[in-house]
Q: 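Structure incoming, see below.
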Amino acid sequence: MAQEDIFKKLISHCKEYGYVFQSSEVYDGLAAVYDYGQYGVELKNNIKKYWWDSMVLLHENVVGLDSAIFMHPTVWKASGHVDAFSDPLIDNKDSKKRYRADVLIEDQRAKFEAKIDKEIGKARKRFGDSFDEQQFRETNQRVLANQVKINELTERFTKALNDDDLVEIKQIIIDYEISCPVSGTRNWTDVRQFNLMFSTEIGSTAEGASTIYLRPETAQGIFVNYLNVQKTGRMRLPFGIAQTGKAFRNEIVARQFIFRMREFEQMEMQFFVRPGEEMKWFEFWKDLRMKWHQSLNFGAENYKFHNHEKLAHYANAATDIEFRFPFGFREVEGIHSRTDFDLKQHEKFSGRKIQYFDPELNESYTPYVIETSIGLDRMFLQVISASFDEEEIPKENGTKDIRTVLRLPAFLAPVKMAVFPLVKKDGLPDIARSIINELKFDFYCQYDEKDSIGKRYRRHDAIGTPFCVTVDHQTTEDQTVTIRERDSMKQERVKIEELRSIIREKVNFKNKLKDLDF
RNA sequence: GCGGGAGUAGCUCAGUGGUAGAGCAUCAGCUUCCCAAGCUGAGGGUCGCGGGUUCGAUCCCCGUUUUCCGCUCCA
């Protein structure tokens, strides 16, 4: 089956079985926003817990944090998001290329300057040593004409930028006959401002209000709390701060189901290290994070590192862990060496000293930072797309049967155990209910007595329940039940009193990570 | 944002210029069954939304929105 078809089936399956719904669907939906349904929220929470426990519980030098989504506006000036996230963009309709409108205009200005330089170059050749560039610039007609154009252009452009006048910016592009470098045409769309940050107002009255942003990343909440955590937690380098939380980006093109959403959840850890040791720790986390992904047993061949050739301004090393989604290898997690850029910026903008006193070296310095940043929603998509399977089962009459099954790792599955009475009489439902009442404090259990037993198994296959327990007539005699494993469909007869320990053992993630020397 | 495909019941889809159908799913009852699709019955859709053409539009036209793919973009 084509990958595209698999993806479509997966999306349908997510909706049909209560994993993911489109946001505000009754109102036709809201683009690139999704809601997690009754099973989706369980899976998502389980993934989050798996990450949290792997980072915080298993590393004594990593602690948690939950910073607010609202932050002081200066945070985003310091981080560079305010400047870097708001470019006026324009498209050429013929070449379909997108440009920053300000860059197009700057290029045009550079062309005028190049013309002047050409004139000056020619004149210098002509006049030799006696050439006076200053005088030439002031008197030559062609140079002056171009200089006027430059001045006019600069003036208009500056004014338009200051006024946020996008219509004027487009008019400048039209007036100066700026054409697309690729198609050569001047068939432009309107200029649009794309600020990737959502903004809103804080304060009860309009006058006293000030613009604040919904955070476009969670990392800054950690950086501005670095000193608080380091001092109150008596943390010594190297140490990390982990946090999960929502982030918001007004993406121009947000697509591919929950892969790129406007509201999404990140799971991040910022690891503070001594300057000069960052590469060692970069390698350490790179390795460990890959192990974590592979602990899910989705196949090592479905993961790869993608090293960044072009680094962001704050980074001196960066790699992505990519997973093979139905639409190809895509980033799930980024491991970045962010240097001391962020802490230094906050030091600069806040005027506060944000450093670490190293008792071993007996000196203060700004720590370097290794970041591991993973998209929870992408992780969700990874888990569910790797688990989705349509298995062919040969039937006794020779035909084939399709079994739709989510092969979720047991410790991530929403429902851990379903309990069925084989028939709904002879007291079997009561026994099934009592088993659930006993175990519902330990894990999510569900009861089902509707339809044939086979149908009930299949229903739970479709939502990924790893274990189905069936109460039959033998149960009334010897207190045993059958436990049926989702993937193998094999059944085993066990004592009711053993159920808790059997399932507990199988839904514990400890065994996954112990083998990995995590 | 550009180009292309799609939008009819919870899901997958059929259908016609005269106000809608199937399979699965759901619910109730029968059946009492260890791997879906046995029997009987029921509920559920202003055919994505708005406008136009028409006596009449789910169907034709225009717009819009959502979604998938490609390009583009992506701290």
Side-chain angles (χ1 to χ4, degrees), chain A residues 2-5 7-9 11-18 21-34 37 79-81 84-85 87 89-100 182 187-192 194 196-197 216-217 219-220 247 249-257 259-260 308 310-315 318 320 326-327 330-331 334 336 338 341-342 371 373 393 395-396 399 401-405 420-426 428 449-462 468-474 481-482 484 486 489-491 493:
Chain A
Q3 291 291 298
E4 194 181 314
D5 295 335
F7 191 43
K8 281 186 173 163
K9 280 197 171 180
I11 293 169
S12 298
H13 192 85
C14 281
K15 185 186 176 189
E16 192 169 357
Y17 290 93
F21 306 126
Q22 167 125 47
S23 165
S24 317
E25 201 188 3
V26 293
Y27 290 108
D28 247 359
L30 183 62
V33 184
Y34 289 90
S79 68
H81 285 86
F85 267 18
D87 304 323
L89 299 179
I90 191 167
D91 290 292
N92 183 272
K93 289 178 185 170
D94 298 312
S95 66
K96 318 276 186 231
K97 292 287 176 191
R98 166 167 297 157
Y99 301 93
R100 280 174 55 174
V182 174
N187 188 9
W188 296 107
T189 63
D190 287 340
V191 178
R192 297 169 312 273
F194 288 116
L196 246 48
M197 284 196 290
E217 63 174 29
Q220 298 304 325
R249 286 184 202 169
N250 198 3
E251 298 281 358
I252 302 162
V253 176
R255 248 201 242 141
Q256 282 165 323
F257 197 37
F259 185 80
R260 177 170 298 151
H308 291 205
K310 207 178 91 186
L311 294 170
H313 61 264
Y314 57 73
D320 294 336
F327 42 87
R330 292 295 147 84
E331 177 192 353
H336 298 177
R338 293 181 77 129
F341 175 83
D342 297 280
E371 165 188 87
S373 173
I393 299 174
K395 293 181 87 168
E396 282 174 12
T399 60
D401 193 12
I402 302 286
R403 182 171 79 117
T404 302
V405 49
F420 313 138
L422 184 61
V423 295
K424 53 183 168 190
K425 64 176 188 184
D426 305 332
L428 302 189
E449 63 176 25
K450 182 91 171 75
D451 298 314
S452 72
I453 191 76
K455 207 161 184 173
R456 284 178 268 168
Y457 286 143
R458 296 302 172 87
R459 263 205 291 265
H460 277 277
D461 287 341
C468 291
V469 168
T470 301
V471 174
D472 55 20
H473 290 99
Q474 193 181 328
V481 291
T482 61
R484 177 255 196 193
R486 178 196 62 206
M489 296 165 62
K490 293 259 164 55
Q491 283 182 292
R493 187 163 278 278

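Lettering follows sequence order; numbering is per chain, from 1.
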Q: Give the B/S/- string for nucleotides 6-13 of chain B, one per nucleotide from 5' to 3', where a protein heavy atom under 4.0 Å of the base yields B, of only the sugar-phosphate yields S, and otherwise -.
A: ----SSS-
Q: Mark yes or no for a side-chain to base donor-acceptor pair under 3.5 Å between A/Arg260 and B/C74, with no hydrogen or angle criteria applied.
A: yes
Q: Pick the C1' atom in B/U58 and in B/G48, then give their distance to the nearest Å.
A: 11 Å
Q: Considering every strand and a 4.0 Å limit on heavy-atom distances, what is the contact class for A/Ser373: base, sugar-phosphate, or nothing?
A: nothing
Q: Side chain of A/Lys424: nearest nucleotide among B/C34, B/A36, B/U32?
A: B/U32
Q: May I ask you to evaluate whether A/Gln491 reaches the phosphate of B/C35, defined as a side-chain N or O under 4.0 Å from OP1 or OP2?
A: no
Q: Where the side chain of A/Asp472 is defined as all heavy atoms beyond and including C-beta, which of B/C34, B/A75, B/C68 is the nearest nucleotide?
A: B/C34
Q: Rounded to the nearest 0.5 Å, what separation is found between the CG atom of A/Leu428 and the CD atom of A/Glu449?
A: 10.5 Å
Q: Between B/U8 and B/A14, how many Å separate the two P atoms, rounded to a whole number?
A: 10 Å
Q: Expressed as a whole number of Å, how far does the P atom of B/C71 sit from that of B/A25?
A: 39 Å
Q: Say you draw a straight line from CG of A/Asp472 to CZ of A/Arg493; how long is it, rounded to the nearest 0.5 Å?
A: 4.0 Å
Q: Please find the pair of heavy atoms, one from A/His81 and one from A/Pro216, that lie closest to each other, and give the distance.
A: CD2-CG, 3.6 Å
Q: Measure from the side-chain heavy atoms of A/Phe257 and tell me the nearest of B/C35, B/C68, B/A75.
A: B/C68
Q: Counting side-chain heavy atoms from C-beta on, which of B/U32, B/C34, B/U67 comes nearest to A/Gln22?
A: B/U67
Q: Pick the nucleotide of RNA chain B nearest each of A/Val33 and A/Arg458; which residue has the one closer to the 5' end?
A: A/Arg458
Q: Just checking A/Arg459: base, sugar-phosphate only, or nothing, at a heavy-atom cut-off of under 4.0 Å?
A: sugar-phosphate
Q: Rounded to the nearest 0.5 Å, how far apart are CZ of A/Arg458 and CD1 of A/Ile402?
A: 10.0 Å
Q: Does A/Ile11 or A/Ser452 map to a spot on RNA chain B nearer the 5' end, using the closest nucleotide for each?
A: A/Ser452
Q: Using a heavy-atom cut-off of 4.0 Å across all strands, would you classify A/Phe21 as base, sugar-phosphate, or nothing?
A: nothing
Q: From A/Arg484 CZ over to A/Lys490 NZ, what is the distance, rounded to the nearest 0.5 angstrom?
A: 11.5 Å
Q: Which is true for A/Asp461 with a 4.0 Å heavy-atom rule: it touches a base, it touches only sugar-phosphate, or it touches nothing?
A: nothing
Q: Could you state the interatomic distance from CZ (A/Arg403) to CG (A/Asp461), rounded to the nearest 0.5 Å?
A: 4.5 Å
Q: Is there a side-chain polar atom (N or O) of A/Lys455 under 4.0 Å from OP1 or OP2 of B/A25?
A: yes
Q: What distance separates A/Phe259 CZ from A/Glu331 CD, expressed to the nearest 0.5 Å?
A: 7.0 Å
Q: So what does A/Lys450 touch, heavy atoms closer than 4.0 Å: a base, only the sugar-phosphate, or nothing?
A: sugar-phosphate
Q: Which heavy-atom pair separates A/Gln22 from A/Leu30 by the least distance, and what is that distance?
A: NE2-O, 3.3 Å
Q: Once you measure the plane-to-plane angle for A/Phe7 and A/Phe257, does it fall in the parallel (<30°), tilted (30-60°) or perpendicular (>60°) bin?
A: perpendicular
Q: Do A/Thr482 and A/Gln491 pair up side chain to side chain, a donor and an acceptor below 3.5 Å, judged on atom types alone?
A: yes
Q: Kindly express the pairing pattern of RNA chain B in dot-bracket notation, using | wherever a base pairs with another strand and counting only Watson-Crick or G-U pairs under 3.5 Å.
A: (((((((..((((....[..)))).(((((.......))))).....(((((..]....))))))))))))....
Q: Has the side chain of A/Arg484 got a donor or acceptor atom sitting under 3.5 Å from an opposite partner on the base of B/C35?
A: yes
Q: Using the P atom on both, measure B/G56 against B/U64 and round to a whole Å.
A: 26 Å
Q: Heavy atoms from C-beta onward define the side chain here; which of B/C69, B/C68, B/C34 lies closest to that of A/Tyr34?
A: B/C68
Q: Using a 4.0 Å heavy-atom cut-off across all strands, classify A/Leu422 as base, sugar-phosphate, or nothing.
A: base
